[in-house]
Amino acid sequence: MPEQSFFQEVLETLESANRYLNLPPAIYTRLKTPRRSLIVSVPVEMDDGKVEFFEGYRVQYDFARGPAKGGIRYHPKVSLDEITALAALMTWKCAVVDIPFGGAKGGVACDPTSMSRDEIKRLTRRYTYEIGILIGPESDIPAPDVYTDEQVMAWMMDTYSMMKGYSVPGVVTGKPVCIGGSLGRNKATSAGLVTTVLEALKHLSIPLAGLTVTVLGFGKVGYNAAKIFHDLGAKVIGVADSKGAIYNPQGLDIEAVAQHKKAADTVQGYKHSENLTVDELISIECDLMVPAALEGQINASNVDRIKTRILAEGANNPVTPEADRALINKGVFVLPGVLANAGGVVVSYFEWVQDLQRFFWNESEIDARLNTIMRKAFQEVLAISKDKGCDMRTAATIAGVRRVAEAVMVRGLYP
Ligand code: GLU
């Protein structure tokens, strides 16, 4: 069977939601189609003096509800299909948590792990210049995603500001605090994910104390989620990164694992644990599994071995549609990424508001506002899921798509 494209998978979920929404055909077609897609060629002078060309993208999927919003990823597997799919998911995500943004995504097909910091800087500056015709604080606001970080956002902000001739902090979010970044942005995706899991635990009457957790991916999202769960008294029994996994049924000390990873460049070999392959960790029984790496990590090849009660998506679409159906049939409570990992873009919204106002909030204010938004979004999605008798992914897509469709319809067709 030919492999289904990621964007087709996203459209399949949209179709499931539309079975309940019954949108007018023209609106449905609008939402199945990206609004704007830009492909750019990014020449970069490498450290050895040779010039290499990388392909970059920025897709603005829809901006009926406000400026387009979404991260930038640097990864060898970046393609127009992937970026379009992620831009669509950003559109629903911003609407699920009801922040006034449309959805976008960008990326460059490159291998940042084999590039120097200087090469990444030159790549970032030229890519920013090339997509400069689309981005801006009123039109489209990038943020970090896979293999992009605060420093990359600082270079993007600087490049855009140099093009304008004055500083424009609101053009990107997830930048360092000293140039207009927000407190709490770094851990926001994970903090939001934990809030939705705590709501799910209440709903399912599962206690937090001693909750066994496995986390697949030990980047910013995976590490912070593991740390918050550990600090709350849950037992993080296994974590994985791209090189392998570790397991300790008594629970891992996440800070110590992070120290080990800093030195060894992998979680593997951490002394109070057993080394496993990522696939072996996926087979370990737990109460909560958090896939926080790339899309498609949970698929037909491993879903049968999963023994968890809750699965919360830290990554965007880490579960293929086939695996999703299998999880639902097994009775796993799946928290989809458009809800579970929306905390990042929520605090991006706070950052943008603070930048536009030139007035900054303290961290407890940010944490409290994030918590309120995430709890409300969870309860709204849960209510839809109960009302329609559907799973949480379909319910979240209904919640998001309904808001986007409403905005498209009330604005009407131009001209
Ligand atoms: N890359 C993150 C996401 O997928 C954050 C996007 C943003 O803050 O704009 O949700």
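In listed order, ligands and their atoms are each counted from 1. Everything quoted here is computed from the prediction, not taken from an experiment. Side chains included, hydrogens not; waters and symmetry mates left out as well; all remaining heavy atoms used.
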**Q.** Presence of salt bridge, E130 and R58, under 4.0 angstrom
**A.** no

**Q.** Neighbouring protein residues of ligand 1 - any heavy atom closer than 4.0 Å
**A.** K69, G70, G71, M90, K93, K105, A143, P144, D145, R185, N316, G344, V345, S348

Q | Pair K330 + D304: basic N to acidic O under 4.0 Å | A | no

Would you list the atom pairs, donor with acceptor, under 3.5 Å between side chains in residues 29-39 and any protein atom, with sequence neighbours excluded?
unit_1: T29; atom_1: OG1; unit_2: P25; atom_2: O; d: 2.9
unit_1: T33; atom_1: OG1; unit_2: T29; atom_2: O; d: 2.5
unit_1: R36; atom_1: NH1; unit_2: Q60; atom_2: OE1; d: 3.1

Q: Could you tell me whether D158 and R125 make a salt bridge, using a distance below 4.0 angstrom between a side-chain N and a carboxylate O?
A: yes

Q | Test side chain to side chain contact (heavy atoms under 4.5 Å, CB included) applied to S116 - qualifying residues, sequence neighbours left out | A | D47, D118, E119

Q: Mind checking side chain to side chain contact (heavy atoms under 4.5 Å, CB included) for A240 and listing every partner two or more places apart, or none if nothing turns up?
A: L216, A245, V278, L281

